[in-house]
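Encoded as structure tokens, the structure appears first; notes follow it.
Convention: sequence-line order gives letters A, B, ...; per-chain numbering from 1. Only a predicted model underlies this, so the values are computations on that prediction, with no experimental measurement involved.
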Amino acid sequence: GNSVTQMEGPVTLSEEAFLTINCTYTATGYPSLFWYVQYPGEGLQLLLKATKADDKGSNKGFEATYRKETTSFHLEKGSVQVSDSAVYFCALGWGYQKVTFGTGTKLQVIP
Amino acid sequence: NAGVTQTPKFQVLKTGQSMTLQCAQDMNHEYMSWYRQDPGMGLRLIHYSVGAGITDQGEVPNGYNVSRSTTEDFPLRLLSAAPSQTSVYFCASRSNLAGGPGGELFFGEGSRLTVL
């Protein structure tokens, strides 16, 4: 079935370091791909999305490119800040209203 | 500007007790859903609804009941709580007009439930 695999955390980085969080997926058809972020004590909120192959989603300095050939949607940011500390979820949208989430990757950025 | 509102934020139950988690949204979204979040398992879909009067099961529906009498409200009922239902529960909604697989889900802040 459709599934998402993302790298396990926690990931600890120093401020201004480069961030990559890997996400790969298994799906039939033409899914959409999402990254959601969960700040401490809050619900998830959409960070970025891509709805077709080769699309690049971007927001708040984060980027991810929908790679159909490698079935990947890796999240990147060139220079992380302490305020980016959160849990990041990769998600797959498929069928009608179906969404499958990855297990989440906790990011901690230290000053 | 309320969005998705969940109550209560925290609840402690004893095994066998029943309770209802409330979810309300003010965005006129047709689609509403309940997820549970457990360490190492991400979010798993419990039940969902694509409109008033229509509900369906998700990935982990056992032990939970839902109804959708209005567009705004989508309560989740625990019929006889068990320790395995200790979790953080999230309600999420989306407009059906977003259609297909590309629409954004809007989440509430979560309800942390502990079953002793």
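More than 12 non-hydrogen atoms from other residues, nucleotides or ligands lie less than 6.0 angstrom from NZ of A:Lys68. Atom CE of B:Met41 has 12 or fewer heavy atoms from other residues, nucleotides or ligands within 6.0 Å. Taking a 6.0 Å sphere around CD of A:Glu16, one finds it holds 12 or fewer heavy atoms contributed by other residues, nucleotides or ligands. Within a 6.0 Å sphere centred on CD of A:Gln81, other residues, nucleotides and ligands contribute more than 12 heavy atoms.
Taking 4.5 Å as the limit, some side-chain heavy atom of B:Tyr35 sits within range of a side-chain heavy atom of A:Val99. A:Phe34 has its side chain out of reach of B:Leu105: every pair of non-hydrogen atoms, C-beta onward, lies at least 4.5 Å apart.
When the side chains of ILVMFWY residues are joined at heavy-atom separations under 4.5 Å, either directly or via intervening members, B:Trp34 and B:Phe106 end up in two distinct hydrophobic clusters. Residues B:Leu45 and B:Val60 fall into different hydrophobic clusters, defined by Ile, Leu, Val, Met, Phe, Trp and Tyr side chains chained together at heavy-atom separations under 4.5 Å.
Between the CG atom in A:Leu44 and the CD atom in B:Glu109 there is a gap of 12.0 Å [rounded to 0.5 Å]. Atom CZ of B:Arg44 sits about 12.0 Å away from atom OG1 of A:Thr103, to the nearest 0.5 Å.
Of the atoms belonging to B:Leu43, heavy atoms from both backbone and side chain fall under 4.5 Å from chain A. Proximity to chain A is limited to the side chain of B:Gln37, based on heavy atoms less than 4.5 angstrom apart.
Closest approach of A:Lys98 to B:Tyr48, counting heavy atoms only: NZ-OH, 3.4 Å.
Of the listed residues (A:Gln45, A:Gln38, A:Gln6), the one with the most heavy-atom contacts under 4.5 Å to chain B is A:Gln38.
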